[in-house]
Amino acid sequence: MASWKNRGGPESNSRNLVSRKLSIFLCISCFCAGMLFTDRMWKEPEAKGISRSTRNEAENLKFLAEDCNTKSNDVRRGSKYNIGEVSKTHNAVQTLDKTISKLKMELVAARAMQDSIVTGSPISDDLSLLNPIKKRKYFMVIGINTAFSSRKRRDSVRATWMPQGDKLKKLEEEKGIIMRFVIGHSATSGGILDRAIEAEEKKHGDFLRLEHIEGYLELSAKTKKYITTAVALWDADFYVKVDDDVHVNIGTLGATLSRYQSKPRVYVGCMKSGPVLAHKGVRYHEPEHWKFGEEGNKYFRHATGQLYAISRDLATYISINQHVLHKYANEDVSIGSWFIGLDVEHIDDRRLCCGTPPDCEWKAQAGNVCVASFDWSCSGICRSADRIKDVHKRCGEDVSALWNTSF
């Protein structure tokens, strides 16, 4: 017992105290080491992860930005390329259109010469000189429909709105405008009527002679022959038909038509749709009235015959198909019927059918100069040979309007 107590005495207590202190110290040291180790294992890798993630996102954003810039540049280059291709295509289409138009003109000229050979009729000097003439491009051809008995009307037109002599040639050379009185031949070839026209032509040089027998009931055939001949002789943007008892302001007419130069198939005039007259004996009787339906029906829209204009393509169409185009009794109806079923733009311009003073005079004073003036009651200017000078004085355009206008 005593010995056992001696072993568990003060010495043993001292060693236990040291062991406890050492254990506490080791625990504290382990705790600190654990804290240090944990801090290194979690905090530092987390920071590295965030940094790496940030770098990756920056790189991705940079890549996307570069890709967007590349696509944007590609779009710009593509847009410029597309615009360039559209421009090239447009130019190619225009060139092709001109080539086709030229070939059509040559075809019409060849057919006209062939017809002359087949029928045995002489080829006119104008057709013989076709090759050098057709190379020149004109703006418009104005054919003034006239008759053998209309000498006074022609002289009144020459004295008012139609240039004469050197001015007529200057009009052709500088403005590209051809003007001719259009007339055929009498039933008696070489008779007194034909000789009178030949003498008048020698004096003025302003006629276009047609291979056509004159007659009021043949106006549709005459108009067809005029267009066919004009297309064969002159390559123009527009072909105009006007009666010799109508007053015309040429500069205003040219300025009006120039608005439609970019359109391929236009038919310009004062559009109307009058009744189909079935009863015989009345003026403008329609022998083929049954084709237009029940009695009391109206015609399709067409330009009044005093003045109208058609574009080159339509004139060429008439020339090529002249042998199969039907002729009605009224010339203006015939022209309108030839365009039915075609893709044609009808331009209704009321300045092409103004009345005589005071109507055209008021409009001129208001700054809206008329293209053409006539009396509806007479289908032209009543007593035009006597009155057209007064109409020209009161409704005519300024002298400089024609020469200062570019077409």
Side-chain angles (χ1 to χ4, degrees), residues 139-146 153-164 167 171 175-177 179 237-263 266-274 301-311 331-332 335-336 345-407:
F139 174 61
M140 64 178 171
V141 176
I142 302 175
I144 307 170
N145 182 48
T146 191
R153 285 186 181 181
R154 290 192 293 273
D155 286 340
S156 68
V157 169
R158 293 182 180 116
T160 53
W161 59 271
M162 182 181 184
Q164 291 295 293
K167 288 185 177 180
L171 190 66
K175 299 299 179 181
I177 299 176
M179 295 183 65
D237 290 330
F238 297 98
Y239 296 84
V240 181
K241 180 263 176 181
V242 59
D243 290 337
D244 61 4
D245 55 356
V246 174
H247 179 268
V248 180
N249 286 315
I250 306 171
T252 307
L253 172 61
T256 300
L257 295 182
S258 65
R259 302 173 189 169
Y260 312 114
Q261 276 183 292
S262 61
K263 298 179 180 294
V266 292
Y267 175 33
V268 187
C270 286
M271 299 296 162
K272 65 175 184 177
S273 179
R301 288 282 172 184
H302 60 278
T304 184
Q306 283 81 4
L307 185 150
Y308 55 81
I310 59 176
S311 58
E331 169 246 349
D332 53 354
I335 283 285
E345 183 173 355
H346 291 58
I347 307 295
D348 183 18
D349 192 332
R350 309 316 287 183
R351 293 184 303 157
L352 274 67
C353 55
C354 294
T356 55
D359 180 48
C360 59
E361 185 177 20
W362 290 342
K363 291 175 180 176
Q365 291 173 352
N368 189 23
V369 179
C370 292
V371 172
S373 303
F374 57 89
D375 298 310
W376 283 102
S377 59
C378 298
S379 296
I381 298 175
C382 299
R383 297 178 288 104
S384 65
D386 300 323
R387 294 183 56 230
I388 197 169
K389 287 185 179 180
D390 180 63
V391 175
H392 183 67
K393 180 180 179 181
R394 299 167 66 179
C395 301
E397 63 192 359
D398 187 83
V399 178
S400 61
L402 173 60
W403 303 106
N404 293 342
T405 303
S406 298
F407 305 121

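For the single chain, residues carry numbers from 1 onward in sequence order. Note that the structure is a prediction, hence the values are computed from the model and not measured.
- Remark: the backbone N or O of Q164 is not paired with any side-chain donor or acceptor of R158 at under 3.5 angstrom.
- Atom NZ of K389 sits in a sparse spot, with 12 or fewer heavy atoms from other residues, nucleotides or ligands closer than 6.0 Å.
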Determine whether L253 and M140 satisfy the following criterion, side chain to side chain contact (heavy atoms under 4.5 Å, CB included), listing intermediate values before the conclusion.
CA-CA 10 Å; L253 172 61; M140 64 178 171; 4.1 Å; yes
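- One N or O on the side chain of D348 and one on the backbone of M271 form a donor-acceptor pair closer than 3.5 Å.
- With rounding to the nearest 0.5 Å, the separation of CZ in R153 from CG in D386 is 11.0 Å.
- Side-chain contact between H302 and I335 is absent, with no heavy-atom pair separated by less than 4.5 Å.
- Taking the six-membered ring for Trp and thresholds of 30 and 60 degrees, Y308 and Y267 have ring planes more than 60 degrees apart, a perpendicular arrangement.
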Full working for side-chain hydrogen bond (donor to acceptor under 3.5 Å, both in side chains) between T252 and R351:
CA-CA 10 Å; T252 307; R351 293 184 303 157; over 6 Å; no
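- Within the 4.5 Å cutoff, the side chain of I142 has no heavy atoms near those of the M162 side chain.
- For the atom pair SG (C378) and CZ (R383), the distance works out to 8.5 Å, reported to the nearest 0.5 Å.
- Smallest separation of non-hydrogen atoms from S377 and C382: OG-SG, 3.8 Å.
- Looking at D332 and K272, a side-chain N of the basic residue comes within less than 4.0 Å of a carboxylate O on the acidic one, giving a salt bridge.
- Considering all non-hydrogen atoms of both residues, W161 and V248 come closest at CB-O, 3.1 Å.
- Separating the CD1 atom in I381 from the CZ atom in R387 is a distance of 6.5 Å, to the nearest 0.5 Å.
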Between L171 and L402, is the side chain to side chain contact (heavy atoms under 4.5 Å, CB included) condition met? List the steps.
CA-CA 9 Å; L171 190 66; L402 173 60; 3.6 Å; yes
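- Counting heavy atoms from C-beta on, the side chains of V240 and L257 come closer than 4.5 Å.
- The CZ atom of F139 sits 6.5 Å away from the CD1 atom of I177 when rounded to the nearest 0.5 Å.
- Looking at K175, its side chain does come within 3.5 Å of a backbone N or O of W403 through a donor-acceptor pair.
- S311 places a side-chain N or O within 3.5 Å of a backbone atom of V266 that can act as its donor or acceptor partner.
- When atom types are taken as modelled, the side chain of E397 and the backbone of G251 share a donor-acceptor pair closer than 3.5 angstrom.
- When all heavy atoms of G396 and N249 are compared, the pair lying nearest together is CA-OD1, 3.4 Å.
- The two residues V391 and S373 make their nearest non-hydrogen contact at CG1-CB, 4.3 Å.
- The structure places NE2 of H247 at 12.0 Å from CG of L307, a figure rounded to the nearest 0.5 Å.
- SG atoms of C370 and C354 are separated by less than 2.5 angstrom, consistent with a disulfide link.
- Checked against salt bridge (Lys or Arg N to Asp or Glu O under 4.0 Å), K167 has no partners two or more places apart in sequence or in another chain.
- Applying the ring pair (Phe, Tyr, Trp, His ring centres under 6.0 Å) test to pairs two or more places apart or on separate chains, those with a residue in residues 367-388 are F374-W376.
- Looking at residues two or more places apart in sequence or on another chain, you find a side-chain contact (heavy atoms from CB on, under 4.5 Å) between R394 and P357, E361, D390.
- Of the inter-residue distances, the one linking T356 atom OG1 with I388 atom CD1 reads 11.0 Å to the nearest 0.5 angstrom.
- For K241 (side chain) and N145 (main-chain N/O), no donor-acceptor pair under 3.5 Å exists by modelled atom type.
- Put simply, the side chain of I250 reaches to within 4.5 Å of the side chain of M179, judged on heavy atoms.
- In summary, the side chains of D245 and S384 do not present any donor paired with an acceptor at a separation below 3.5 Å, with no hydrogens or angles considered.
- The side-chain heavy atoms of V371 and D349, taken from C-beta on, include no pair separated by under 4.5 Å.
- Closest approach of G305 and D243 over heavy atoms only: O-OD2, 3.7 Å.
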